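Okay, structure first, notes after.
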Amino acid sequence: MALKKDKDTKLYYSISEVAHMFNVNESTLRFWEKEFDNIRPRKTGKGTRFYKQEDIEAVRLIYYLVKEKGMTLAGARQRLKDNKETTIRQADIVNRLKQVKEELLSLKEAFDAIDEAQSQS
């Protein structure tokens with residue numbers, strides 16, 4: 001039932017897709033949903049959850065605080081209450097740096113493969 005916004009972006013993601021994105025259990029997402037009011041997936045009559053992009057961004061922020069920074073849920077909740085905008089900016093910077101790192105490692109692998117091919121010829 002995933003509706004498409006455009007060619008690559010879906011409007012809604014299932015709980016299993018979101019859990020896979022962050023390598024967490026679905027039960028963790030359901031628990032975070034109870035603990036943080038900024039995660040509000042759409043639910044069907046049968047209780048099936050569908051996450052919008054804004055929900056995924058909220059999960060990303062909580063994941064950053066709890067799993068990467070090692071904060072408690074209470075600490076993460078307080079940080080979001082006291083300093084949400086700065087926390088969002090910090091998380092965005094960390095995510096961008098991770099992407100740059102992946103890109104650089106990919107380039108290094110490509111250059112290493114070229115060097116190896118040239119040394120064998």
Side-chain angles (χ1 to χ4, degrees):
M1 175 184 163
L3 302 172
K4 296 282 188 173
K5 187 156 77 174
D6 60 38
K7 197 165 102 177
D8 297 324
T9 307
K10 295 164 57 168
L11 285 177
Y12 295 100
Y13 295 83
S14 71
I15 191 169
S16 61
E17 289 174 309
V18 177
H20 182 74
M21 286 177 198
F22 295 98
N23 197 27
V24 297
N25 295 324
E26 293 176 19
S27 59
T28 299
L29 292 176
R30 287 190 290 271
F31 183 70
W32 286 356
E33 181 185 327
K34 292 176 188 170
E35 294 293 315
F36 296 92
D37 60 359
N38 57 336
I39 304 174
R40 294 181 301 273
R42 183 178 147 218
K43 294 182 189 174
T44 65
K46 293 182 178 182
T48 304
R49 290 164 169 80
F50 289 101
Y51 290 76
K52 296 177 284 190
Q53 193 61 43
E54 65 193 44
D55 297 314
I56 293 170
E57 292 306 317
V59 169
R60 184 180 321 281
L61 188 56
I62 293 162
Y63 181 89
Y64 166 72
L65 293 172
V66 174
K67 298 292 187 179
E68 293 181 5
K69 301 248 328 158
M71 298 181 79
T72 63
L73 293 180
R77 200 177 310 105
Q78 190 64 42
R79 171 73 68 89
L80 291 174
K81 180 181 173 191
D82 294 344
N83 211 353
K84 186 174 184 178
E85 292 307 313
T86 299
T87 304
I88 290 170
R89 279 194 299 277
Q90 288 173 343
D92 286 345
I93 289 168
V94 168
N95 284 329
R96 278 188 250 140
L97 288 172
K98 285 180 183 178
Q99 291 170 348
V100 169
K101 179 182 177 182
E102 287 177 24
E103 220 172 294
L104 289 172
L105 288 172
S106 175
L107 286 171
K108 181 186 180 308
E109 288 176 16
F111 284 127
D112 288 347
I114 292 170
D115 285 345
E116 188 176 320
Q118 287 177 346
S119 67
Q120 290 177 356
S121 27

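Source: prediction; values computed, not measured.
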Quick check for you: to the nearest 0.5 Å, what is the distance between [X] atom [atom1] and [Y] atom [atom2]?
| X | Y | atom1 | atom2 | answer |
| --- | --- | --- | --- | --- |
| I88 | I93 | CD1 | CD1 | 12.0 Å |
| F36 | I62 | CZ | CD1 | 4.5 Å |
| F111 | L104 | CZ | CG | 10.5 Å |
| R42 | T48 | CZ | OG1 | 10.0 Å |
| F50 | E17 | CZ | CD | 9.0 Å |
| T87 | K81 | OG1 | NZ | 14.0 Å |

Shortest non-hydrogen separation from E116 to S119 and the atoms involved: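 Answer, listing the atom of E116 first, then S119: O-OG, 2.9 Å.
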Which atom pair, heavy atoms only, marks the closest approach of A91 to Y64?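 Reported closest heavy-atom pair: CB-CD2, 3.6 Å.
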Can you list the steps and then say if E57 with L61 is a side chain to side chain contact (heavy atoms under 4.5 Å, CB included)? CA-CA 6 Å; E57 292 306 317; L61 188 56; over 6 Å; no
Does CG belonging to N23 count more than 12 external heavy atoms closer than 6.0 Å?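 Counting other residues, nucleotides and ligands, CG of N23 stays at 12 neighbours or fewer.
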Within-4.5 Å side-chain heavy-atom neighbours: [X] and [Y]:
| X | Y | result |
| --- | --- | --- |
| V18 | D55 | no |
| R30 | R49 | yes |
| F22 | T28 | no |

Excluding sequence neighbours, so at least two apart, what forms salt bridge (charged side-chain N to carboxylate O under 4.0 Å, His left out) with K52?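 For K52 the salt bridge (charged side-chain N to carboxylate O under 4.0 Å, His left out) partners, ignoring immediate neighbours, are E54.
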Test: salt bridge (Lys or Arg N to Asp or Glu O under 4.0 Å). Region: residues 94-115. Which pairs qualify, not counting sequence neighbours?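 Pairs touching residues 94-115 that pass the test: E68-K98, K108-D112.
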Evaluate side chain to side chain contact (heavy atoms under 4.5 Å, CB included) for V24 paired with V59, printing each intermediate quantity in order. CA-CA 11 Å; V24 297; V59 169; 5.9 Å; no
